[in-house]
Structure formats: structure tokens, C-alpha cells
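Scroll down for the structure; my scribbles are underneath it.
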Amino acid sequence: MSTKFPEYKNFNLSQINKDILKDWEENKTFEKSLETREGHPSFVFYEGPPSANGMPGIHHVMARALKDIVCRYKTLKGFQVNRKAGWDTHGLPVELGVEKELGITKEDIGTKISVDEYNEACRTNVMKYTREWEDLTSKMGYWVNMEDPYITYDNRYIETLWWLLKQMFEKDLLYKGYTIQPFSPAAGTGLSTHELNQPGCYRDVKDTTAVGMFKVARDEKSEFLYEGIDCDAYFIAWTTTPWTLPSNTALAVGPKVDYVRVRTFNPYTGIPCVVILAKDLFYNFFDKKYEGLELGEYKPGDKRLTFKTLSEHKGTDLEGIRYEQLMPLVKPEGDAFRVILGDFVTTEDGTGIVHIAPTFGADDDRVAKAADISPLILRDKEGKMQPMVDRTGKFFLIEDLDPEFVKNYVNVEAYGEYAGRFVKNAYDPNLTEKDPTLDVDIAVALKKDSLAFKVEKHVHNYPHCWRTDKPVLYYPLDSWFIKTTNVRDRMIELNKTINWKPQSTGEGRFGKWLENLQDWNLSRSRYWGTPLPIWVSEDRTEMKCIGSVAELKAEIEKSIEAGFMTENILADYVEGDNSKANYEKFDLHRPYVDGVFLVSDSGKKLVRELDLIDVWFDSGAMPYAQQHYPFENKEEFDKLFPAQFIAEGVDQTRGWFFTLHAIATMCFDGVAFENIISNGLVLDAKGNKMSKRLGNAVDPFETIEKYGSDPLRWYMITNAQPWDNLKFDLGGVEEVRRKFFGTLYNTYSFFQLYANIDGFNYSDADIKMEERPEIDRWILSLLNSLIKEVEECYEAYEPTRAGRAIQNFVNENLSNWYVRLCRKRYWGGEYDADKISAYQTLYKCLETISILASPIAPFYMDQLFKDLNSVTGRFTEESVHLVDFPKYNEEEIDKALEERMDMAQKISSMSLGLRRKVKIRVRQPLQKIMIPILDESMVPQLEAVKNIILSEINVKEMEFITDTSGVLVKKIKPNFKTLGPKHGKIMKQIAAAIGQMTQEDIVAFEKAGNYAITVNDENVDLTLEDVEIISEDIPGWLVANEGKLTVAMDVNITDELRQEGIAREFINRIQNLRKDSDFDVTDKIKLEIMMHDSINDAVLAHKEYIGSQTLAVSVELVEKLAESEAKAVEIEQGVESFIKIEKVSE
RNA sequence: AGUCCUGUAGCUCAGUUGGUUAGAGCACUACACUGAUAAUGUAGGGGUCCGCAGUUCAAAUCUGCGCAGGACUACCA
């Protein structure tokens, strides 16, 4: 054990970072933090897997610091906190990265490059930055087990996913359907919302829009719309994509929207007609100017369209009314052309009646399905159902359709006009933007047939494919779904049991999302990902879902017997052997699984569905898959699930948080996590998003290298609540380094300096609390309050508050008050009980801080802990991260003491302020201050801290004035908190009445204890509780006040005081000189002072005092000093002397 | 478009159950202190608490409507 506390020449947190890291590695501290907690209750934490195909950024430090803080804290509290790292390895970003690197597109996969080669490239590429990730993890001090991470492409991981999928399959939660999804005909692929949200995808474009006229079918139901008219009635509906009009099969009206029936004329052909539209949008189509005109004043070709409102109807009145197909090119197979209700219909634009083409709009599809309306479907040569537009973006050619279908459903002549036309010119290699579009041609045709009410160009925001720059279509695509809507209510219910930080993300963002939950689209038409383990017969009547490798192996055997396969790719796999080697004998990825054909129970050949599953399923399944459950860890699973804590960015709300929750609900009917922190974004100092492109991204490696990770972590955690966005500013990191770590380091250096001189090693018994001086008991009281507060904050998952409390304690209380006031106790003098108490108290504070702050600043706090413990050996643990969290001692918390020290601080501060006002420096002693006493309890409180105040402000006496003489000028203020509830409305008058009280009134009030006033003929009885009386002034004195406290200062300087002041000036100069001469703190000196009339008396009178303060063995006043060996000093304005100091050897 | 978050000093942030002089740090200015010294303290200037309306004796705080910034989701005639 060392005898000296280590001394540092400089303070380099970056170096400490490296030293401690090395120490942790050598001593296996992380492993020990788990081993020493073996057999303790476990705290379950899940690590959300990052993808290692990109470099880690500064925002990762944020999320990981949060995780680390909680895990380290829980370890201190005695829990065993296993944390397994993981890698997210599948998915589109990986594939796109590889495509870019290899310079290929999706279409090249399987042609220019084999699927096998492609996936191999992905497998390599995805781990490209593994080393950088591991490096950052280590340097930032994030403790997580990187030795044995879970990797989502591992066959064992995939096996668990298959098992989960099979659970869902058997619960009937998997189905295949189609949805309307963004589709890029130019790229021939569907687009994920992620791709659609790339910057610049939504652009303003100018398209031809049309208002179509849908003729109301006249029957019993619609008769009221034909009442009193002599022409046809039409619903009018607007569309920005006229090419979808041939696929119209319904019209939607708003249930609460009011509609009007208007007699007018077709603006293009002048034919009389009646149109129906939303009342609110009436004037968008009819000009107010012509309101008064008679209908008959209109002549065909006129610009001024006359009109007359006939009747009003509710949206609900229109529901169910039938209309004639607008463009009868193809007949639908089922029920269609009916008015339905749509909750999304507004009267913001259009006509308040919405054209529904279920094959080309997501909303359209949804409402049509709900109302049993058929989409307009064609049948192609293979007999497959298709929308009117093929995958290249053109209307199907007649020769590509099933001839039987064409015969029965297609109006060949009418359809032929449009067959083969591209719906956007951009898709047609032969066309430019200048050529007439299909939209225009359709609009023209409608005009000609008197079926268009308005045709115009319109600018709207439309999505474009980020790869081809061409417009996107909404298009029906086949997909596998998980029926999450079946468990929606259960998910909402379970979500209420989760502790979200912040609460609003759980209730609001996540909760609302659950309420509007749609089925989870599981399919991805890609190559690198977990294959869907479903095999289907060609006629789609039979299918099998495979839930394990063993099951697949057995099924392949059957298939070989049936003659569909010749070889079992799983032949070498040994069931029950969970070793890595056994699972590396095969590959569950494409293309290998695609080559597997199975046999159905009735003997049909089964082919695998080519889809991969959504990568979010991979990560959402990590609670089970990281354990290879249920193939391994089946028995102890209740110890591994659910997580007590997870943390990720708020952007994961609909990602990881959702998939974790969904899978846990469906497969285990429980929550996957109990407490969760979702942190906000890390922005640059100006509040902009960081991006490599803009060059404003902060490099975490550089930052840690420069400052060390402690200030970085401390800054990130304490600057703002983690769920608020952080405007990251390196200046803030620097400030934290200086203000918090610098102060703490200074405090330690101070302690170390004197403790080493006195040989303090905490071997003495603890000085009893009651024997310690006031100021020690005070800082210990605060320390215990701090332990309590910090513990509560950590328990509540609020590290920000914990860090701020610690910082405040260190800066304000420990350094700025305790150490400052106690300096003299350490300096010189005997090694007595007071000094021991001082060392023990300061030591205790530093030691406790090192533990309390260790979760946030793991490096420096460990260094501090080790440095302290290296001499005292108070802990057997070698690292702060292995000890137990301190217990606070309620008995040591003394609120009265904290309060009176607070008064002492205020009085000192006011007194120093007064000195400044009259320009009397603190070194000059003054005779006394006076403090008016308003409340008898103040006297003992102030008595107790009297000496602290007097020495702090360099004043000899403190006098209390109880106002019997009436010298105090008092001020009275109403106490709104007590008066408000009692008197309510007349508060203002009461306040005014109190304000007008005279000095005599106040004195009388104080004596009697109550006071009656009359306000608005109402008698109000005031008690002393209802007011606050402070003394404001003492006439003739220099006075300051703050709150209830008032200080009056005697600023007369007697000769005696002046001499003492001069002595202190001397001491100051001598100390400076000692320091300039590089003397050691303990060196003894001989001192000679040159005489000067103004100082001689002072030096003589305080010779002893000067000597004791400057360690001078002799103090001599001399006539003359040679200039070469003496130093000139100015004691006060115009008074100069010379001093000579000389070191004396022992 | 919907949902959620944020808006307080030049900057970064506190601000308890509504209670009457709205705070801290940084930066700036001045002064002081200093054997903790590449520190430190004291004071000063600096505020439409985003706006408007409402509730209340009393609103930075509660309610409503807006505005601005951000995130996510969606994309619609």
C-alpha cells in the first residue's frame, strides 16, 4: 500500500482515459463486475443491435452513455447486469451499400452477379466497421460483452426467427395479401417508406387534373336527386391522376359533410345538368358574380356559367347510391360504382367527393375493402389478377391479357385507344414532358363526352424514386403480413404497464401509433435477409411453415423420398448440437433455401415463397434469438426475459420498440421491456441535423482523444434531458472539463497536498459526529442529502438530475465553500482532532463523489477512487465499479444546520458586497457587523455559524439587534400564499392596505400578533403568518439586505485595525515572494523588513502573527536592505518597503 | 396531413402544488481575492418567459387558438 496520495503535475483527462482503460483490460474489471455479482438478483438489459456497415457517430455515444449509466448504477446496487452486444446485419442499407460499391443495380443480381456472391459481399460488407465500433465502445467506456455478440445473420439466430414465425403461423397470424405500396416502374421495384423519405423525393410537379362527372343511376334510392329536374344528375369528383379514372369503382363522401344539388350547364358542351358537390366548396366552381343571374341567361360557349342550388343533403344521405361507370373500358367482376363513406374526406380541396381507384391508392383500397367494393382487376395471360397498369407503368396490351377475360369484360374498342400507353411520360423512353400525357388525352375525351366539369393544371407534391428520379406509382403488390391488428388491444393494454422516459413518447407517439395499428407488412423482395420459411404448392392450396433446422432436414428427407430433391443440404447437421461448427455446415440464406423443395401432406411439390422478412423482425426478436431460444436457454429464460431496461433513440419508436413489443405480445403475451429511455437527436451547435454531407458531423474519436470521454459523457447527460434534442457544442464539453472536472481535480490536489504532508491515511478512528465542527457536520449533512437525491434520480432513470446534483455539490458546496473556508485548518498547526476531522470529512466527500458519479464518468472517478484508496485501503475492491452504492445516513442530515449555513453564506456575500461598496479590501479587518433579529430562533442559528462568517469576512464581532429601540426601519409584505385562499377577490385591496402601513402600525402589529383592517366593508384579521416583515434599513449605517436577512457594517478603521491590516498585507506579499522564489510550502525562512514610518508599529505589534503565517523563524525590522537581495513591495498607496527572505536549512 | 416534443438573458439550460423582484453557467464589463493558482470570488448590464385569447384575487406555470423549430408516421382526391 502506498503512503502518499498520487500527485499530478497536470490534469489530462485524455491520458487518464487511456490509463484506466488499460487498467480495466489488465485486471478484467468488467468481467469482475459480473463475477462478483454472481448469484445476486439479475438486472436484465437488452442491447439494440447497431449495424456495423457505417461508422459510429457522436449520437451513438449519447445512446450508449445512457445505457452504460444505468447498467453501471445497477451493478453498484448489487445486481448482476449481463449485457450482450449484438450486430444488426441484414437489410436494405447493407444491400444498397454493396450495390454502390460493386457498381451494380438490383436487376444485375442473379445475372451479372450470382445471389451467392452478392450475399457473400453483404456478409463481409456489413461487418466492415466492426473494429471502429469496438474501438469506440471501448474508448467511450461502454461496458458491453463484445466477446460473444449475437449476429443476426447467424444460422442459429435465424432458426429462432423461424421458430417465432411458426408460432405466429400456427396462431393464424400470418397471411398473404396485397397492399398498395410505392412502386417505381422505372426501377421495377417497390420502395420502402425509408427510401421514399430520402431528402428530395417529394417534389412539386404540375399535372393535368380533372373533375369527372359520374352520372347518378336513377332508381328508388336516388329518386330524390332527380326530383324536379329535367336533365341528368352527376356526382363530381376531382383527381390529380386522371389516368386512374378508368379504374374507378367507387366514390367516397364525408359522413358529416354537407352537399348541395345544383342545376347548371356543362361548361364545355353547354348541356344542362345537375351536379352534386360539397357545400363548402361551392364557390370554387361557381362564380359569386353570377349568383343573381337567371339560369336561362346562359348560352353554350359563354364564360359565365349560371347556376341554381336545388337542395342540400348530408353525406350519409348519399351513401349507397349507385352511379354509372365513368369510363367503361373494363367491367369489374364484383360489386362497384356505389357511393361509400370515407372518414378521410375533407372539404379542403376538390369537390368533397373523392374518386376511389382501389388498385392505385392506399386509402382507396382500405375504404373499398371495408365497403365490399371490388377493385378494377384485369386477368393476364397467366391467369393472374393485375391492375390496369403493368409493372413497366403502361396500360396492359390486349395481347398480354387472358383472351377469355377480354371477351367477357373488356370493351376492346374503347380500351384499345389506351392500351400500351404509359401513365406518366417519364416512363416512356420515346416521350418527353412536352408530349401530350395520358392524363391530358383522358381529360380531353371526358370533355368531349360531356363528362368533365373542369380540367386544369395543378401543382402538387408528388414522390419520386430516389434512384431513377422518376415519379412513383402507388401500386398493388403481393406481401406477407402479420395480423398485428388481432392483438392491437392487448398491445395497448400491455403498453400501459411500461415505464416510458419520457412518458409522452409512450403515451403519445407510441400509444397513438398502436391505436392506428395496421397489419405488419413482413415481405421484402430482396436477397440479403432472413428468408421467409414458408413453402407453398403451385395451386396455393397447401403450405408448410418450417420452425427449425431439424424440421427442415426431416422435411427434405421426405421430399427426397417423393423425388422432388436428390440431396439433403442439411445432411451433416446434427440435431441438438448447438455449436457454432454444427451451424456453419449450411446456410439458411438465399439462394440455398430457394433450392429446397418440399412435399405436401397430399404429395404436391412445395416451393418456397421468395420473400425475405422485414429486418425489423430480426431486431425485434433479439430477446429470444440472442439466446437461441428455445433450442437453448429454455429453462432459464424467465431470468432473461423481459428486459428491465432498454434505451435507444426516439427514432426507434416505430422500429425496434414496436417490433419488440409486437413479437412479445404475440408470442409470449407479455412486454419485452419494463423501463425505457428514448433519447432525442444530437444536432450540431446551431441545431441542424448532423450529416457527413454538410460536414458538420462531430467525430467521436477526435473528441474523446482530445477531452477524454468523461467530459463528453458528462456534458451530454447533464446539458439537457436525454429526450430533448442536444445541440452539441464542443465549447460545452470544454466548459464541463474546466468547471466540473477541473474543480474536482483541484479539490483532490488540495487534499493530496496537505494529507501527504501530515501523513493522513485514515488510520485514526472516525471522529464522532458530535465532536466534529459545525462546518464538517454541514458538508456531511449535504453529502448525505446528495446520496439520497442521486439514488432517487438514478432509480427514476433520470441521470441528468443526478449529474446536475453532483456537479452542484462539488462546485458550490464542497469547493467554493467548504474547502475555501477550511483551508487554514489543513495548513500548519498540530495534527489534532480538528485537523483529523477536516481530513476525514474532505476524504469522505471525495470518496463518495467518486462512487456517485462513477456511472456517468467511469474513467476519472475510478482514478480518483483508486488514488484515494491506494493510501487508506478503506475498500478491498480495486475499482470503483466493483463497490456498493453508498447508503445515506438520515441521522447525519440536519436541515437546521443546512439552513443556518445558507444564512452564513448570504450574510458573507452581503458583507463582502458592502466592503466593495466602500472600497475596503478584505485583508483589512473591521470591527463589527450587526444583524437585526426578527425571530428569536435566528439567534442560536446565527450563533452557531458566527465564527465562520466572521473569519470569512474578516470582522471582529457580530452583534444582534432586537428591535426594542425602534432604530430599524421595517418593511411589510403580504404573504399571498396564505392570504390568497382566504380572501380571494379582495387580495388587491388587502395588498394595498398592507403597503400603506406606517412604521408604528408594523410595530403594533408585531407586538399584538394580529392586525385588523377593513376592506370593502369587510373586516380582515391579519396574523403574522399572513405577512412578511423584514428590516429594511438602519439609519446611519451601511446596510444590505436580501430576503429576510439584513446586515449593517461598521466601517470605521481604528489604528489597531489598520495595523492588523498592514500585517496581513505583509503576509500576503511574503507569501507571494515565497512562491516566486520556488520555496516549498514547508520551507522555513528568515525574514527582514526594511523600516518605514507607516509600518513599523504594525510589524512590531504583529511580529508573532506574521512569523507564524509565513513560517519565519525570525522577523527583523532593519534600517537598510541591499536592493540586490531584497524585493520592493507596495503595502498601500504610496507606502513602499523592502523585504528579504532567506531559506533556513533545518 | 396526423401524432409527439421544444420555445425563458447574446448562447446552453433551471424554474416545485399557480403566489407578486423569473434564476444559474458561459460570454461581456468593472472590481477584488489568492500557498487550491493554467484556479477563484463579487458586482453590473442584459427578459414582451414565442404570440393572442380565456380561467383566476394571482399565469412563465392551467385551458384554447395560432406561430416557429424538430422528430416520427402517412401521403390523399
Side-chain angles (χ1 to χ4, degrees), chain A residues 10-11 182 193 196-197 202 209 211 237-241 244 251-252 342 344-346 348-357 361-364 460-463 474 502 504-505 507-513 515-516 649-655 680-681 683 685 687-689 718-721 723-727 729 731-732 735 738-739 742-743 745-751 753-754 804 808 811-812 815-816 819-820 823 826-827 909 912-913 915-917 919 921-923 973-981 983-991 1068 1071-1072 1074-1075 1079 1081 1109-1110:
Chain A
N10 55 19
F11 182 51
T193 50
L196 216 54
N197 280 333
Y202 279 86
T209 68
V211 175
W238 183 53
T239 178
T240 53
T241 52
T244 62
L251 292 171
F344 58 90
V345 178
T346 65
E348 266 160 40
D349 47 20
T351 63
I353 299 176
V354 178
H355 143 66
I356 299 292
D363 274 340
D364 305 38
H460 64 146
N461 206 247
Y462 198 83
Y474 287 87
S504 59
T505 299
E507 280 173 6
R509 189 184 281 206
F510 194 67
K512 293 270 161 58
W513 159 259
E515 277 164 28
N516 298 315
V650 68
D651 50 328
Q652 297 288 328
T653 308
R654 269 87 159 191
L681 271 81
L683 309 168
N688 299 313
K689 216 170 174 173
T718 60
N719 186 64
Q721 291 285 4
W723 37 89
D724 290 335
N725 290 345
L726 175 68
K727 287 184 197 160
D729 184 3
E735 188 183 325
R738 216 179 57 234
K739 285 216 69 91
T743 305
Y745 160 76
N746 268 332
T747 307
Y748 167 79
S749 310
F750 173 83
F751 165 81
L753 181 65
Y754 295 113
R804 284 173 176 173
N808 183 59
N811 287 349
E812 299 306 320
S815 169
N816 189 27
V819 173
R820 194 152 58 81
R823 278 178 298 193
Y826 301 89
W827 171 232
S909 152
L912 294 170
R915 275 177 170 278
R916 212 185 65 82
K917 217 179 263 173
K919 296 195 190 299
R921 45 183 45 171
V922 181
R923 271 197 294 271
K973 283 198 317 199
N975 179 356
F976 289 92
K977 229 170 186 169
T978 60
L979 284 168
H983 302 293
K985 281 200 197 307
I986 54 170
M987 271 306 298
K988 271 194 181 125
Q989 288 95 316
I990 293 175
N1068 166 257
Q1071 300 285 36
N1072 287 343
R1074 284 182 57 118
K1075 214 166 73 182
F1079 288 8
V1081 186
Q1109 290 297 305
T1110 58

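A note on names: the letters A, B, ... follow the listed sequences, proteins ahead of strands, and every chain is numbered from 1.
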Counting Watson-Crick and G-U wobble pairs only, both distances under 3.5 Å, name the nucleotide matched with B:rG54, or none.
B:rC62
Of the non-hydrogen atoms in A:N811 and A:K739, which two are nearest, and what is the gap between them?
OD1-O, 3.1 Å
B:rC75, B:rC13, B:rA36: which one has an atom nearest the side-chain heavy atoms of A:A720?
B:rC13
Which nucleotide in B:rU40, B:rU20, B:rG70 has an atom nearest any side-chain atom of A:F976
B:rU20
Write down the partner of B:rA24 under the Watson-Crick or G-U wobble criteria, each distance required to be under 3.5 Å.
B:rU12
Given B:rG35, B:rG25, B:rA27, which nucleotide is nearest the side-chain atoms of A:E735?
B:rG25
Residues passing the salt bridge (charged side-chain N to carboxylate O under 4.0 Å, His left out) test with A:R820, sequence neighbours excluded, are A:E952
Look through every strand shown and name the nucleotide pairing with B:rC31 as Watson-Crick or G-U wobble, where both distances are under 3.5 Å.
B:rG41
Mate of B:rU3 where both pairing distances stay under 3.5 Å, Watson-Crick or G-U:
B:rA71
Classify the side chain of A:S815 and the base of B:rA36 as holding, or not holding, a donor-acceptor pair under 3.5 Å.
yes
Taking only side-chain N and O atoms of A:N746, does any of them lie within less than 4.0 angstrom of OP1 or OP2 on B:rA39?
no
Heavy-atom pair of closest approach, residues A:T747 and A:S815:
OG1-CB, 3.9 Å
Looking at A:K727, I'd like to know whether one of its side-chain N or O atoms comes within less than 4.0 Å of OP1 or OP2 on B:rU12.
yes
Heavy-atom closest pair (A:W723 atom, A:P502 atom, distance to 0.1 Å) is CB-CD, 3.4 Å
When you check every protein heavy atom under 4.0 Å of nucleotides 2-8 of chain B, what one-letter string (B, S, -) results, 5' to 3'?
-SBSS--
Sugar-phosphate only, base, or nothing, as touched by A:R804 at under 4.0 Å among non-hydrogen atoms:
sugar-phosphate
Is A:Y826 touching bases, backbone alone, or none of the nucleic acid, heavy atoms closer than 4.0 Å?
nothing
Identify the two heavy atoms, one from A:H355 and one from A:D364, that lie closest to each other, and give their separation to 0.1 Å.
O-OD2, 3.6 Å
